[in-house]
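Naming convention: chains lettered A, B, ... in sequence-line order (proteins, then strands); numbering from 1 in each chain. Please read all numbers here as calculations on a predicted model, not as lab measurements.
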There are 2 protein chains.
Amino acid sequence: MSKSSEFMYPSKWNANASTGVRLACELRLRIISGVIQQGSVLSENKLAADFEVSRSPIREALKILASENIIRLERMGAVVVGLSDQDIKEIYDVRLLIETFVYERILKIDTSELVRELSKIREMMEVAIKYKDADEFSYQDVLFHETIIRSINHSYILLIWNNTKPVMESLILLSMRVRLEEKSDDFLRILKNHEIYIKAIETKDREIMIQALHQNFEDVQGTVEDLWMSQQMLTTEREQ
Amino acid sequence: MSKSSEFMYPSKWNANASTGVRLACELRLRIISGVIQQGSVLSENKLAADFEVSRSPIREALKILASENIIRLERMGAVVVGLSDQDIKEIYDVRLLIETFVYERILKIDTSELVRELSKIREMMEVAIKYKDADEFSYQDVLFHETIIRSINHSYILLIWNNTKPVMESLILLSMRVRLEEKSDDFLRILKNHEIYIKAIETKDREIMIQALHQNFEDVQGTVEDLWMSQQMLTTEREQ
DNA sequence: TTCTGCATACTTGTATACAAGTATGATAGT
DNA sequence: ACTATCATACTTGTATACAAGTATGCAGAA
């Protein structure tokens with residue numbers, strides 16, 4: 001089952017991280033994409049054999065995934081929980097909650113440096129689109145939102161972000177990879193959405209921010225559908 | 001430094017947890033209380049020797065504390081970050097954020113069972129006061145809020161709670177232990193506050209909820225002062 | 001005195017070994 | 001046929017071993 005043969009997670013994103021963290025990223029992506037089916041039970045020994053590492057980093061990875069509610073550590077093995085549609089909606093609840101809070105704080109601070117930074121990221125996204133690089137686009141997308149969140153220097157909001165980021169990142173990455181084939185227009189739409197974000201921060205106009213958040217929220221339904229499609233593809237692959 | 005001789009964390013709260021989790025609880029409390037001073041560097045080997053366990057559970061504990069931003073894992077040792085006054089305020093920002101979200105959801109569901117559960121906990125708190133049991137009071141206090149949060153069945157809000165709970169719990173525990181000596185009236189005041197919470201949920205009246213949250217928020221300043229006092233006491237102890 | 005180079009001791013990250021507990025399945029008895 | 005019991009293999013949790021890298025401090029030279 002699911003050897004270490006080919007990795008789904010971009011290796012450059014976590015090249016300097018420890019083996020355990022890298023494994024967590026890989027397993028997370030495989031679980032969320034459905035390559036590792038929910039309900040299945042992972043054993044430390046088996047994973048260690050599959051990935052050709054010892055149990056130590058495997059244990060580290062499983063602890064990480066358990067803290068994200070992606071798996072459930074039980075007496076005999078780690079049960080794969082995965083993400084339901086409900087879960088995905090709930091993640092966006094949290095993101096909305098955080099970003100609303102952050103925006104209220106942003107209204108009170110100088111944002112010229114932030115806007116500059118976000119503009120740079122937006123251009124990076126543009127380049128990623130030009131070269132049809134879904135991974136790079138996803139990376140910049142996540143970075144965009146993280147940059148906004150970091151700007152208010154709130155360690156506990158950042159903590160929440162750090163706890164939800166991995167799943168967000170996985171969802172975005174998988175969604176973008178699917179859309180690259182089918183719906184490349186979406187990339188431009190998302191880019192536009194980010195421009196609205198920047199404008200909202202620049203003008204400090206709540207109305208515009210609500211518009212940006214609203215558009216982003218609409219994208220959730222799309223994400224759910226993409227995930228469903230990706231899992232559907234896997235199922236038919238298995239049946240062949 | 002800080003042997004395993006006497007534990008600050010109530011052993012019955014985590015008796016069935018693994019050694020690593022127990023150590024994390026203990027270290028967390030020692031750091032937040034100031035027994036382990038911020039800025040100091042913890043070495044896995046030294047901690048393992050102090051607590052007379054191997055490095056495996058120590059590593060687990062350090063990972064947990066690092067994920068809570070209480071320590072910072074560096075190349076050479078874990079640097080104790082601790083909590084600043086700012087951090088404590090920020091934790092309550094998050095708690096306010098969560099509880100507001102939760103309350104909005106609660107307005108839409110049947111709360112009779114929840115109110116019954118909370119009433120039970122409130123009576124437990126009453127008993128804890130009667131027997132001057134600060135630890136038990138703290139436990140029930142945390143449980144009270146967790147019960148409210150769990151009632152809406154939102155896995156990601158619960159995830160955030162789980163990530164902030166340990167620090168909250170530590171703060172409350174330390175604060176209550178100090179107040180038991182000096183300001184026992186505070187216990188009754190907190191009890192009253194929880195009654196308002198129940199009433200707000202029962203009546204589904206936003207005004208009352210705001211009142212409850214507001215009172216709770218005022219308590220933060222008290223917590224900061226208690227922590228300061230507790231650390232002050234430690235400093236004078238060290239000087240003697 | 002000050003700077004350079006190196007030996008040393010300590011750090012983490014990973015691999016392996018051991019211990020205790022649990023599900024599984026086969027076997028024997030009814 | 002069916003149930004109970006026991007051996008076995010597999011699970012996690014903890015301890016230990018090994019490897020690679022880094023700070024420290026001392027010695028020697030300029």
field: Spacing of CD1 belonging to A:I70 relative to CD1 belonging to A:I32, to within rounding of 0.5 Å
entry: 4.5 Å
Separation of [N] [atom2] from [X] [atom1] (nearest whole Å):
X     : N      : atom1 : atom2 : value
B:M76 : C:dT11 : CE    : P     : 7 Å
A:I58 : D:dT12 : CD1   : P     : 11 Å
A:L42 : D:dC10 : CG    : C1'   : 15 Å
B:R75 : C:dT12 : CZ    : C1'   : 8 Å
A:N45 : D:dT12 : CG    : P     : 7 Å
A:L73 : D:dT11 : CG    : C1'   : 13 Å
A:E74 : C:dT22 : CD    : P     : 14 Å
A:R72 : D:dT12 : CZ    : P     : 14 Å

field: Salt bridge present between B:E123 and B:K120 (N-O < 4.0 angstrom)
entry: no
field: Pair A:E26 + A:R30: basic N to acidic O under 4.0 Å
entry: yes
query: Hey, what's the ring geometry for A:H154 with A:F101, parallel, tilted or perpendicular (30° and 60° as the breaks)?
result: perpendicular
query: Could you go step by step and tell me if B:L180 and B:F187 meet the side chain to side chain contact (heavy atoms under 4.5 Å, CB included) rule?
result: CA-CA 8 Å; B:L180 187 65; B:F187 285 78; 4.1 Å; yes
- prompt: So, B:D141 versus B:S138: side-chain donor-acceptor pair below 3.5 Å or not?
  reply: no
message: Contact between A:I157 and B:L97 at the side-chain level, heavy atoms closer than 4.5 Å - yes or no?
response: yes
- prompt: Is there a side-chain contact between B:I64 and B:R28 (heavy atoms, below 4.5 Å)?
  reply: yes
statement: Contacts satisfying side-chain hydrogen bond (donor to acceptor under 3.5 Å, both in side chains) that involve residues 10-21 of chain B (not counting sequence neighbours) are B:S18-B:E60
task: Only stems of 3 or more consecutive Watson-Crick or G-U pairs count here, both distances under 3.5 Å; name the ones for DNA chain D, or none.
output: C:1-30 with D:1-30
message: Treating primed atoms plus P, OP1 and OP2 as sugar-phosphate and everything else as base, which nucleotides of nucleotides 14-20 of chain D get B, S or - for protein heavy atoms under 4.0 Å?
response: BBBB---
